K.L.:
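Mind looking over this structure? Questions follow.
Chain naming here is simple, since letters A, B, ... match the order of the sequence lines and numbering starts at 1 in each. Remember, it's a predicted structure, so these values are computed and weren't measured experimentally. Computed from heavy atoms alone, side chains included, the values below leave out hydrogens, waters and symmetry copies.
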Amino acid sequence: MIKTESFYDTPSPAGLTGIRAWLLTHDHKRLGLMYMWAILFWFVIAMLCGLLLRTELMSQGKTIMGPELYNSLFTLHGVIMVFLFVIPAIPAIFGNFFLPIQLGTDDVFFPRLNLFSWYLFMFGGLLALISLFSGEGFPDTGWTFYVPFSVEVNTNVSLTVMAAFTLGMSSMLTGLNFITTFHRMRDKQMGLMQIPLFTWSLYATAWVQILATPVISITLVLVVVERLFSVGLFDPDKGGDPILYQHLFWMYSHPAVYIMILPGMGVISEIIPVFSRKSIFGYKAIVWSSMGIAVAGSLVWAHHMYTSGMSDVSVFFFSLLTFLVAIPSAVKVFSWVATMYKGSIEMTPPLLLSLIFIYLFSIGGLTGLVLGAVGPDIHVHDTHFVVSHFHFVMFGGTGFAFFAALHFWWPKMFGIMYDFKKAYIGSILTAIGFLFHYIPMFILGMQGMPRRYYDYLPKYETGNFLAGFGAYLLCIGILIMFANLFMSFRQREPASSNPWGGTTLEWTVPSPPPLHNFVDKPQVMEFPYDFSEIAAQVKRGER
Amino acid sequence: MNNRIDKTGIKIGMWLFLYSEIILFGGLFVLYAVYFYKYPEFFSEGGKELNRVIGAANTIVLLVSSFTVAASITAIQRKAKKQAIAFLVFSILCGIIFLVNKYFEWGAKIHHDIYPNSETLVSGEPGLNIFFGLYYVITGLHGLHVIVGMTLLSISLILVMAGKVTESSYSMLENSGLYWHLVDLIWIFVFPLFYLVL
């Protein structure tokens, strides 16, 4: 292949040098990397908050912190993980980097807006930091900011809420950018059913972002208004209804769950066929299930509120809809497994992480049905069962998809390969730690231990100790994984343009890609997952 | 690689953004619907206390300004720069008139001790408190959008005067116009919901 200058050597707009070439860039690849460093920073912070929480819970009574700090820490852990890691991680990093390449174009439709979104993201993070130290103590409302507590408490909730507002704005503008890019910048030869599944999933996500984010924006604005002017819209003394806040909040925040998981599913749909050397099973079914999840997922919010006081009719309705979401999710899981059936499987770290994803996500999904059914939900509502369930989906699902994506696209983004052995050790340790961490929580929840409690009865001690032990394994595993990736910067073992044998467009360009992504005009394949050429290369011994 | 300007794409982006703005107000309209269902008699009582004359005047002002913004775009397309400037200035003036009216309207209400957390509202009927609470929140947020819209129109005006907006590239003006129509559209819903409530 002809040697081309990578985007690291060609600033955009031209003429910028040094740090300005990054801070003022319009290049979607540089923005993706800038998101990556910021998001990894927040991830580590939130992970450490979580670790401290579980350390506190490892033994009864006070272990390392008091109850106020504990409340603040789970709030911080939640707010940072949700708004600064899980929601933006895959779309902002890998979406920015790869969506234009997969569509065969040179950038997103609004490059300057893209840069603006990054600044909004950074500004949101900064606001969140300031809010910690500008009130009477750290905010301790939980990430849900439920009224009336969030309105009455003396910590600087207004600023935390505005941080979430700003971050929502950033992710919404990214979504807007992706939809426009998808429709207007796609290579002319690429029909709708020739688009890679990762891009499809980002497209579905982008719609949910635009559909749902404004609802949280207005809800958060109302929290600030209530704090400033005490209008009383959620205050029963003044005629308001606090339950309405919960409705508005979950009207966004449940769809947000799909903002979090859909891109992860897209990543897995890319990785599984590549390492099975086999076309994805049910391409159209996966596309439609993404859109199906986007639609159905927007209509199930009230299943967070079975115990908040709702009519039986609406409980029935929301329970039924919740069960419906399981169908498109299961379609995907079966498609991934069916893709591997009779494939020529090559084990690599991204594939291992994807398999862990499928396993953990399935458990998360199935326990979601326990919660979606009204009867059992009344029993386990607001217990550790819920905590475990959504961590299986958010962390076991999106988190592992994020790790898989890091390992899958790392050679493309940086042009270097990492060490496989350490990646395996890190992944396996993370997975084992994960199970040690969250399985006991299912049991604790079934036994009735509430979430967010600072202390507990003696009978819960074993479970909490095990969970804490798992938390340490988990964190060590993640750190090994990250350390291994960073070590690759030192070893600089070069990666070829197509180290895995992928068929989508990003594997046809040099690693790292040049500024305008493509050296030659992109050749769009009839079907994006046609592995006949790769299989032939393997047969000829070229791969 | 791709240097031509794709006006359709720019418009798609703008429409998606406008859509998100509508959802933003949609959240407030959901609150309105729920509370209207809960307190129908107080909503109608509150509605009678609002000044329908000023409300109607403001509706007309906004509708006219929406027309003049559209006219200024047509003027630009026909290369009539002066006409376009005149239309834009008139539209911005309409925005100012709207805000001045709003100022007097709010001022009168506040003078009668009707504002969020005021003694009259807190000790009075909860239904009325919610009605006026929503009135201040929704018209307040709408007022903010009027100000943003006027800012966008002013920027467009400067760009038109500087010759940056021309008959071949007028996306900025068109998008500002679209935003202004949004402001108008939301008001068309706000006006009957508060002033003409039965």
K.L.:
Could you tell me if the ring centre of B/H142 sits under 6.0 Å from that of B/F98?
P.N.:
yes
K.L.:
Name the region of A/D241, side chain, backbone, both or neither, that has any atom closer than 4.5 Å to a heavy atom of chain B.
P.N.:
both
K.L.:
Would you mind telling me which of B/I22, B/L28, B/V137 has the largest number of heavy-atom pairs within less than 4.5 Å of chain A?
P.N.:
B/L28
K.L.:
Could you tell me which portion of A/L248 (side chain, backbone, both or neither) has an atom closer than 4.5 angstrom to a non-hydrogen atom of chain B?
P.N.:
side chain
K.L.:
Given that the side chain runs from C-beta out, which part of A/V215 has a heavy atom under 4.5 Å from chain B: side chain, backbone, both or neither?
P.N.:
both
K.L.:
Which of the residues B/L141, B/L121, B/L31 is involved in the greatest number of heavy-atom pairs with chain A at under 4.5 angstrom?
P.N.:
B/L31
K.L.:
B/D113 side chain to B/T120 main-chain N or O, any donor-acceptor pair under 3.5 Å?
P.N.:
yes
K.L.:
Which one of B/N129, B/L24, B/I12 has the most heavy-atom pairs closer than 4.5 Å to chain A?
P.N.:
B/L24
K.L.:
Which atoms of B/I10 come close to chain A, meaning under 4.5 Å heavy atom to heavy atom: side chain ones, backbone ones, both, or neither?
P.N.:
both
K.L.:
Give me the one residue out of B/F194, B/Y39, B/F42 that meets side-chain contact (heavy atoms from CB on, under 4.5 Å) with B/F131.
P.N.:
B/F194
K.L.:
Do B/H111 and B/F104 have ring centres separated by under 6.0 Å?
P.N.:
no
K.L.:
Output all residues satisfying side-chain contact (heavy atoms from CB on, under 4.5 Å) with B/L193, sequence neighbours left out; order by chain, then residue number.
P.N.:
B/F29, B/Y32
K.L.:
Which region of A/F229, side chain (C-beta onward) or backbone (N, CA, C, O), has a non-hydrogen atom less than 4.5 Å from a non-hydrogen atom of chain B, or is it both or neither?
P.N.:
both
K.L.:
What do you reckon, are the aromatic ring centroids of A/W301 and A/F249 less than 6.0 Å apart?
P.N.:
no
K.L.:
With only heavy atoms counted, which part of A/L244 is less than 4.5 Å from chain B, the side chain, the backbone, both or neither?
P.N.:
side chain
K.L.:
Look at B/L128, B/V34, B/V30, B/V122 and state which one has the largest set of heavy-atom pairs under 4.5 Å with chain A.
P.N.:
B/V34
K.L.:
Which one wins on heavy-atom pair count under 4.5 Å against chain B: A/V221, A/L211, A/D237, A/L113?
P.N.:
A/L211
K.L.:
Report which part of B/L134 has an atom under 4.5 Å of a heavy atom belonging to chain A: side chain, backbone, both, or neither.
P.N.:
both
K.L.:
Can you label the angle between the A/F145 ring and the A/F83 ring as parallel, tilted or perpendicular, going by 30° and 60°?
P.N.:
parallel
K.L.:
Where does the angle between the aromatic ring planes of B/H145 and B/Y179 fall among parallel (under 30°), tilted (30 to 60°) and perpendicular (over 60°)?
P.N.:
parallel
